[in-house]
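Only heavy atoms go into these numbers, but all of them, side chains included; no hydrogens, no water, no symmetry mates. Within every chain, numbering begins at 1; the chains are lettered A, B, ... in the order of the sequence lines, protein sequences first and strands thereafter.
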Amino acid sequence: MNLLLKEIRNNPLLWLLAFVPVVFVATRLRPEAHTLLFVLSVLAIVPLATLLSHATESVAAKTGDAAGGLLNATLGNLTELVIALTALRAGQYVLVKASIAGAIVTNTLFMLGASFLLGGLKYHVQEFNRVSARMQAGLLFLATVALLVPSAVSEADATTHAAFTQQLSLGLALLLIFAYGLGMLFSLKTHREAFASAEHGEDGEAPWPIGLALATLAGVTVLVALVSEIFVESVQQAAETFGMTPAFVGFIVVALVGGAAEMASAFSGARKNRLDLSVGIALGSASQIALFVAPVLVLLSYVIGPTPMDLRLWPGAVVMVLIATLAAMFVTNGGRSAWFVGVLLLAVYAIFGMTLYLLPPPTP
Amino acid sequence: MNLLLKEIRNNPLLWLLAFVPVVFVATRLRPEAHTLLFVLSVLAIVPLATLLSHATESVAAKTGDAAGGLLNATLGNLTELVIALTALRAGQYVLVKASIAGAIVTNTLFMLGASFLLGGLKYHVQEFNRVSARMQAGLLFLATVALLVPSAVSEADATTHAAFTQQLSLGLALLLIFAYGLGMLFSLKTHREAFASAEHGEDGEAPWPIGLALATLAGVTVLVALVSEIFVESVQQAAETFGMTPAFVGFIVVALVGGAAEMASAFSGARKNRLDLSVGIALGSASQIALFVAPVLVLLSYVIGPTPMDLRLWPGAVVMVLIATLAAMFVTNGGRSAWFVGVLLLAVYAIFGMTLYLLPPPTP
Amino acid sequence: MNLLLKEIRNNPLLWLLAFVPVVFVATRLRPEAHTLLFVLSVLAIVPLATLLSHATESVAAKTGDAAGGLLNATLGNLTELVIALTALRAGQYVLVKASIAGAIVTNTLFMLGASFLLGGLKYHVQEFNRVSARMQAGLLFLATVALLVPSAVSEADATTHAAFTQQLSLGLALLLIFAYGLGMLFSLKTHREAFASAEHGEDGEAPWPIGLALATLAGVTVLVALVSEIFVESVQQAAETFGMTPAFVGFIVVALVGGAAEMASAFSGARKNRLDLSVGIALGSASQIALFVAPVLVLLSYVIGPTPMDLRLWPGAVVMVLIATLAAMFVTNGGRSAWFVGVLLLAVYAIFGMTLYLLPPPTP
């Protein structure tokens, strides 16, 4: 417990934990103040995600290499998963899908781009492990194909049979999880050595004892779930107040909030010239969302959602995910980076953000 | 003749030749048993294709390097060509086009992917000739553009003038054959040395004498043509019995049957750590179908088809060919492979297969 | 002045300058002879563009490295800019947009492809600076995304709100210019050394004195503007006479005329085994048009055009620009070239040309 307090004292991001009780009080006193609740819930989720991320890594560090890697690979995006589950239970499938696509795009373009830029401003040229980056880009490509094909084929042939899309989504979800599992087998077991320098885990921060880590994991997950509920309820109406389109909220705002903790790690890695870490977090997180979180949500929608959810995205989202994947494949191909590479990725992200921000809401 | 019998004794695949007479007898006795005829014709085509492939290579080996390479490059997909010609004469243009696109996709994703996987399960990391792979991928890219542009442009502008598509297809067919010819000049003549290790031709199997080879080539081609007729007639109705969509049959079943002999060679190469051979067969065969077989079919449709055939594919097929090409470009870029690369390619193929299998038949 | 005459005597291309007075006389005497005026104006623009290009380089050489690079980067496509401005003032937005997209495609596929082919016919294998080529390809990718996303998103959602497209185009134009500026900072300042061998500027041709260069720059720009007016007025009607579609004229004819001077430099570089120069000119010019000329035209349309112009291209053009960019990314990835790489690029260009030539004019 002392360790937890010390951690909080050293990490200014964790001071935002003060907003956790504030948001619970606010939601009781002013349940209709959506804009306030939205801002407070964002401020509360960010430090909780940071704690969650650190707890996961601590448990992973204790349980040994392969099991730890597995744990990191499944719980690494716990915040995104909990937020999406909350939206799923509320039947807000458009928000769920937008936040999945948005998280892929945001991790690939914004997190990676900002890491390249921040690292590049300090170091002239930076190198990173190509093997790891290429594998993650390959997994992302696979997921993009899985998202693209149902949309392309069914749109092209004007078959809007819901049954077809639903069956296909179920099959694709199982296939993606299977491929993700084999990917872990590859990187954690059979070809471990090729991924050596791309280890997750922060140096300088000692892992917590296992008891504290597990307790934090459990307790904070519950807190994230509770705050997510307030976030999901308030986000759409708050967005309207700020003049944001629903697409912009799901794609950009939710993705940035959900990924804040990982971004802090990725950026700090880049500033320490440990670009392997940054690339690993950014692309690893993107492919994890695409191949693990998204399929799990499809499967869980059969259990907890009002109706089954399919994997079909709106065409504009597919285009963005495809472009983000192609950009990641192109950029990570050489294994070297300079600040301008980051600028290119951020510019593509800015184009997407601008388009979504200006997009008139669809007339239903 | 003794040599031929010895070959048959050593190669279990050739024992299936017994089905050749069986299918001819069956088509006389039970002409309406489509499912039976379909299964028997598949079992008969596979060994015939193997014989054809070996005869072509034997003739090629005798006629010297450049001429042999040329021969291999033009007759290497003789089975696919004969099957497609049979479908063309029957006016089944949808089946012809689906089998062209399917052969490209199957060679690029399934044959290459399974080679990587089978080789990777035995060897930790395998290397192959990048120059050759990149050239084949470049030719494939060219062919994909030729298939993509007419569809994209005409669809986008809602011009369905048949005359435009027909003229364009004719021009593209000539252009593709010309580019294919220059590609052979490049790989067999001016830049021969860069393709050195990607030689076709199996070691361990002595080439047949030229007389036997030519006689086999002629005789087996006739047999393939006869069995193909039974295959093309029975495939659609048999597919319905198995619950397969027409798209799935053309794309997956015909492509796997037509390419069975090459697959046997490619997989055996991969297991012997001769991945150059596997990549050369897979991508070489794909680009040959795209740049030689497909254009030749367009040109021949003016002579033997009921009406001229154009090169325009349905949009879903274009997307699949495009993705397969991008995947091949990405995967062969590094010149190295491990088992997981094969898994990625096979997973993309599985996505396509699943989509086509579930796709409801278009309502005409 | 003597120097200018000597230059003219040595460069046969400049003998075409004789057509400048001829075209002015012809437009007075036979204002309705569109085909004649079109041919004459083309013959007059080519040598003027050559002079303009040489004058820009001379000024750049005098003003020192960074400033000179900046000048080259902004005035390098002065001919294209002047032609497009003339069309803009005349309100011919379709022609402006087609010539922008066409210039990108022509530089990327035709100029680069012909350089590879011409160089490859003389040298077995040629190498070039990958860093520079990759950066230009990256900038092109960014521009393609900027052109693609508004079309994809707005089309997909069937929102044809002109206000949305207009606002987005303005934002994208500013973003592209900003990215282009940062790109210059990167290549001319912070990472200068990586671009060392990709220097523009011809060896063997001494730069002119600054006075002569500036006077030529000013005088020739005025002449180009005057001839462009005749060109833009006559091109559409002349095209009809030759049986060309408007799309073909904008995409192919205008792009080839506007880029003739740069092509001469690029091809001469390739024949001297200085492929760095050729790749730098081809991709540099393409990315300059996409990230500088196009946005500047959008911004200037607010001042000099009848109505503001947006960045939205017709879908077929977007597909072509996207394919050209992907081809450039793929081809320049290795940093090596042989003649067949040029053939592949030229074949893709031929496919585009053939499609546009045969394309029936859209029924409005």
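- Minimum heavy-atom separation, C/W339 to B/L182: CH2-O, 3.4 Å.
- Counting only distance, with no hydrogens or angles, the side chain of B/H191 and the backbone of C/H124 share a donor-acceptor pair below 3.5 Å.
- A 4.5 Å side-chain heavy-atom check between C/I323 and B/V149 finds at least one atom pair inside the cut-off.
- B/R134 places a side-chain N or O within donor-acceptor distance of the main-chain N or O of C/F330, the cut-off being under 3.5 Å.
- Residue B/L174 holds its CG atom at 7.5 Å from CE of C/M354, rounded to the nearest 0.5 Å.
- Contacts between B/F186 and chain C at a heavy-atom distance below 4.5 Å involve backbone atoms as well as side-chain atoms.
- No more than 12 heavy atoms of other residues, nucleotides or ligands shown are found within 6.0 angstrom of CZ on B/F178.
- Of the atoms belonging to C/A327, heavy atoms from both backbone and side chain fall under 4.5 Å from chain B.
- Of the atoms belonging to C/F352, it is side-chain heavy atoms, and not backbone ones, that fall under 4.5 Å from chain B.
- With a threshold of 4.5 angstrom between heavy atoms, C/V348 approaches chain B through its backbone and through its side chain.
- Considering only heavy atoms from C-beta on, C/F340 comes within 4.5 Å of B/L139 through its side chain.
- B/S187 does not touch chain C: none of its heavy atoms, backbone or side chain, sits under 4.5 Å away.
- Heavy atoms from other residues, nucleotides or ligands lying under 6.0 Å from CZ of C/R336 number 12 at most.
- Across all non-hydrogen atoms, the minimal contact from C/A347 to B/L175 is O-CD2, 3.6 Å.
- The line from CG of B/L168 to OG1 of C/T355 is 4.5 Å long, rounded to the nearest 0.5 Å.
- Counting heavy atoms from C-beta outward, B/F141 and C/L326 have side chains that approach closer than 4.5 Å.
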